[in-house]
Amino acid sequence: GDVTPWNLLKTSEGWVLLDWEDARHSAPPFYDVFHHLVQSHVLLGTPSLGSLVRPWTGPGWMQTAIRAYSDGASIPLSAWRSHLVEYLRTSQESLDPSQSGHARALRDRQSILRSLT
């Protein structure tokens, strides 16, 4: 859940993830990709809600990222929506609504969930 630009290092052989303190085997498929996209949506306003919930087919950077993850993990691309729903539900469990930043993150995740279901 911590794949962010400042935790990636470009090397001559490709990209390397540097920060593993939140790594876990129990995370659902696509967790890191969805965490990055949802956090970017919540904190930066990009990608838009519409971009997050419409089918991820065709060209575009999000589609390319999801397709690459899907191919590398041998997970059918068609499963993206169910895994995004799972990520949104799972990620809410660690948020404390009494904290202002967490309250916003909860509201935004619930909004995305409503748009998906």
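Interatomic distance, CD of Q39 versus CZ of R109, reported as 4.5 Å (0.5 Å rounding). Atoms CZ and OG1, from F34 and T90 in turn, are 11.5 Å apart once rounded to the nearest 0.5 Å. Within the model, atoms CG of D96 and CG of L106 stand 8.5 Å from one another, a figure rounded to the nearest 0.5 Å. To the nearest 0.5 Å, atom CH2 of residue W61 and atom CD1 of residue I66 are 9.0 Å apart.
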Report task. Decide yes or no on side chain to side chain contact (heavy atoms under 4.5 Å, CB included) for S111 and L49, but give the supporting numbers first. Result -> CA-CA 9 Å; S111 174; L49 177 60; 4.1 Å; yes
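Aromatic ring centres of Y87 and F30: separated by at least 6.0 Å.
Looking only at distances, a side-chain donor or acceptor of T117 sits under 3.5 Å from a matching main-chain atom of L113. A distance-only check finds a donor-acceptor pair linking the side chain of S40 to the backbone of H36 [under 3.5 Å].
In the hydrophobic clustering of ILVMFWY residues, with side-chain heavy atoms under 4.5 Å counting as a link, L43 and L95 come out apart.
Taking 4.5 Å as the limit, some side-chain heavy atom of H83 sits within range of a side-chain heavy atom of E86. Counting heavy atoms from C-beta outward, L88 and L116 have side chains that approach closer than 4.5 Å. Put simply, the side chain of I75 reaches to within 4.5 Å of the side chain of Y69, judged on heavy atoms. Contact annotation: the side chain of D108 never approaches that of V38 to less than 4.5 Å [non-hydrogen atoms, C-beta and beyond].
Between V53 and R81 the shortest heavy-atom distance is O-NH2, 3.0 Å. In terms of heavy atoms, S91 sits closest to S94 at O-OG, 3.3 Å. The two atoms that bring L8 and W15 nearest to each other are CB-CE3, 3.9 Å, heavy atoms only. Nearest heavy-atom pair across I112 and H41 is CD1-CD2, 3.8 Å.
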